[in-house]
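Since the structure comes first, as structure tokens, the remarks are kept for the end.
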Amino acid sequence: MINERMETPMRKVTIIGAGNVGATIAYTLAVEGLVNEVLMIDIRAEKAAGEAMDIAQGAPFYSGTRVYAGDYADAVNSDMVIITSGVGRKPGQTRLDLAQINVNILSDIAPRITKYAPNAIYLIVSNPVDVLTYVFHKITNIPAEHILGSGTILDTSRVRSYLAKHFDISQQNIHTHVLGEHGDSSFIPWSQASVSSVDIDKYASLIEDHGMHVPPLDRAAVEEHVRSSGSQIIARKGATYYAVAVATVHICKCIFGDNDTALTVSTMLDGEYGIFDVCLSLLTVVGREGVKLRIPSHLSDEEVEKLRHSADCLKKVINQIKF
């Protein structure tokens with residue numbers, strides 16, 4: 001029998017920003033073999049060329065994805081554009097402190113890239129991601145369903161990792177999410193949290209009946225861990241990029257895959273929970289056409305108030321920036 005190799009559909013991703021995050025995303029895309037081409041663009045052309053060259057020289061040991069540096073005109077026919085450009089967060093600095101600086105950078109990039117890739121799906125990764133995703137909506141003519149931010153997908157990964165360790169069970173069995181802003185006003189909707197389809201509060205007592213002891217879960221400590229993880233990593237090594245790159249590539253997989261997938265990405269709200277005209281993270285179905293729908297979870301009244309508070313926090317920042 002002849003073993004026929006399935007051909008990967010032609011896929012092209014452009015990454016704007018060749019810093020730690022952009023370069024690690026490019027590397028991960030290449031090693032995963034998810035796309036055929038990865039174009040890297042950076043105001044520091046030599047930096048982009050060096051990163052692309054370094055990744056490309058490993059091609060004999062992975063799928064052979066073509067990784068190269070170029071300019072905006074080379075982005076023609078991109079299926080996705082991932083924007084990572086911006087000033088990185090410094091120790092002690094919040095994501096929102098970066099707002100105006102990175103809004104200015106995005107405002108310069110947006111018309112240059114959308115001119116050559118008007119049909120691409122745009123994924124904003126730069127921080128503050130919710131503010132920048134909102135600004136990208138307002139300064140471009142890209143359809144809303146083709147714009148999303150990485151949102152709280154990394155926060156969600158962090159809480160699942162924490163709870164998996166706490167309950168000594170696979171992360172695949174932890175079902176919970178982080179909603180709202182990718183930042184200080186984010187929250188975990190505990191009313192939706194479960195372990196192997198068992199309510200998270202009931203799970204501990206359930207396994208206690210089988211002789212397994214689980215320490216009491218400090219919810220406040222979990223949420224603080226999620227919010228402070230990025231700052232802790234920055235304080236220790238100067239930047240975060242591995243986990244955010246893996247999370248970004250996971251979003252790419254879901255968009256390029258055959259099945260729609262629910263993710264906590266940042267999108268423009270249009271009346272969900274009484275919230276309008278702001279981008280933040282809800283559980284959202286994404287697929288080959290981009291954003292498909294936001295899933296209306298049955299949040300408690302307290303959780304709805306937390307979501308609205310998160311929206312208000314973001315709107316305060318948006319009202320203070322110029323774009």
Side-chain angles (χ1 to χ4, degrees), residues 13-17 41 72 75 78-87 95-96 98-154 179-183 185-186 248 251-252 254-255 262-296 307-308 310-323:
V13 171
T14 291
I15 300 173
I16 303 179
I41 300 173
Y72 291 99
S78 294
D79 297 289
M80 281 190 68
V81 174
I82 302 172
I83 299 178
T84 70
S85 294
V87 176
R95 295 180 182 92
L96 297 183
L98 300 176
Q100 188 63 62
I101 297 171
N102 285 348
V103 164
N104 294 344
I105 293 171
L106 182 66
S107 296
D108 178 67
I109 290 169
R112 298 186 183 196
I113 186 62
T114 56
K115 175 182 178 181
Y116 295 103
N119 299 317
I121 293 173
Y122 282 81
L123 174 56
I124 313 299
V125 178
S126 308
N127 277 317
V129 64
D130 303 292
V131 173
L132 296 181
T133 304
Y134 177 87
V135 170
F136 195 82
H137 272 275
K138 297 300 181 179
I139 64 176
T140 71
N141 293 318
I142 300 300
E145 62 270 21
H146 281 187
I147 303 172
L148 63 157
S150 52
T152 59
I153 187 170
L154 178 55
L179 304 183
E181 171 204 356
H182 175 51
S185 67
S186 67
T248 300
I251 296 173
C252 295
C254 295
I255 288 174
L263 301 170
T264 52
V265 290
S266 184
T267 60
M268 182 70 79
L269 269 61
D270 186 26
E272 293 85 353
Y273 305 100
I275 302 171
F276 294 85
D277 197 39
V278 69
C279 291
L280 50 69
S281 290
L282 294 175
L283 202 55
T284 302
V285 176
V286 300
R288 288 192 174 185
E289 299 305 314
V291 178
K292 187 170 183 180
L293 61 93
R294 282 169 288 277
I295 299 174
L307 187 67
R308 290 172 178 169
S310 194
D312 289 341
C313 290
L314 287 165
K315 287 182 178 182
K316 286 180 181 178
V317 176
I318 291 168
N319 290 337
Q320 294 173 4
I321 60 176
K322 298 179 180 178
F323 57 92

Donor-acceptor contact present, side-chain Ser126 to main-chain Thr84, <3.5 Å:
yes
Side chain to side chain contact (heavy atoms under 4.5 Å, CB included) between Glu145 and Met268, worked out
CA-CA 9 Å; Glu145 62 270 21; Met268 182 70 79; over 6 Å; no
Going by heavy atoms in the side chains, are Thr267 and Cys279 under 4.5 Å from each other?
no
Distance-only polar pair, side chains of Asp130 and Ser266, donor-acceptor under 3.5 Å:
yes
Pair Arg112 + Asp108: basic N to acidic O under 4.0 Å
yes
Beyond-backbone contact of Asn102 with Val87, side-chain heavy atoms, under 4.5 angstrom
yes
Rounded to the nearest 0.5 Å, how far does CD1 of Ile82 lie from OG1 of Thr14?
9.0 Å
Report the relative orientation of the aromatic rings in Phe136 and Tyr122; use parallel for angles under 30°, tilted for 30 to 60°, perpendicular for over 60°.
tilted
Do Val13 and Val81 have side-chain heavy atoms sitting under 4.5 Å apart?
no
For atom NZ of Lys315, is the number of surrounding heavy atoms from other residues, nucleotides or ligands below 6.0 Å larger than 12?
yes
Say whether, by atom type as modelled, one donor and one acceptor occur between the side chain of Ser281 and the main chain of Thr152 under 3.5 angstrom.
yes
Heavy-atom pair of closest approach, residues Ile124 and Val129:
O-CG2, 3.2 Å
The reported gap from OG1 in Thr264 to CG in Leu282 (rounded to nearest 0.5 angstrom) is 9.5 Å
Option passing side chain to side chain contact (heavy atoms under 4.5 Å, CB included) with Leu283 (candidates Ile295, Leu263, Val265):
Ile295
Does some side-chain heavy atom of Leu307 sit less than 4.5 Å from a side-chain heavy atom of Leu280?
yes
If you count heavy atoms of other groups shown closer than 6.0 angstrom to CG of Asn319, is the number above 12?
yes
Answer yes or no: is there a side-chain heavy-atom contact under 4.5 Å between Tyr72 and Lys115?
no
Tightest non-hydrogen contact, residues Thr140 and Ala110, listed as CG2-CB, 3.8 Å
Between Ser107 and Val103 (side chain of the first, backbone of the second, donor and acceptor by atom type, cut-off under 3.5 Å), is there such a pair?
yes
To check you understand the geometry: which heavy-atom pair defines the closest contact between Ile142 and Ala120, and what is its length?
CG2-O, 4.5 Å
Taking C-beta and beyond as the side chain, do Ile121 and Ile255 meet within less than 4.5 Å on heavy atoms?
yes
Nearest-0.5 Å distance, CD1 of residue Ile109 to CD1 of residue Ile41:
9.0 Å
Would you name the heavy atoms of Val278 and Tyr134 that are closest together and state the gap between them?
CA-CD1, 3.9 Å
Approximate separation, where rounding is to 0.5 Å, of Thr114 OG1 and Asn141 CG:
7.5 Å
Which value, rounded to the nearest 0.5 Å, describes the distance between Cys252 atom SG and Leu123 atom CG?
6.0 Å
Are any side-chain N or O atoms of Gln100 and backbone N or O atoms of Lys322, one a donor and one an acceptor, separated by less than 3.5 Å?
yes
Step-by-step salt bridge (charged side-chain N to carboxylate O under 4.0 Å, His left out) determination, Asp79 to Arg288
CA-CA 10 Å; Asp79 297 289; Arg288 288 192 174 185; over 6 Å; no
Between Glu181 and Ser310, which heavy-atom pair has the shortest distance, and what is it?
N-OG, 2.8 Å
Does the side chain to side chain contact (heavy atoms under 4.5 Å, CB included) test come out yes or no for Ile16 and Ile113, once each step is laid out?
CA-CA 9 Å; Ile16 303 179; Ile113 186 62; 3.7 Å; yes
With sequence neighbours left out, what residues match Glu272 under salt bridge (charged side-chain N to carboxylate O under 4.0 Å, His left out)?
Arg294
What do the steps show when you test Phe323 against Ile321 for side chain to side chain contact (heavy atoms under 4.5 Å, CB included), and what is the final call?
CA-CA 7 Å; Phe323 57 92; Ile321 60 176; 4.0 Å; yes
Using 0.5 Å steps for rounding, measure from the NE2 atom of His137 to the CD1 atom of Ile147.
4.0 Å
Residue pair Val286, Leu148: steps toward the side chain to side chain contact (heavy atoms under 4.5 Å, CB included) verdict:
CA-CA 9 Å; Val286 300; Leu148 63 157; 4.3 Å; yes
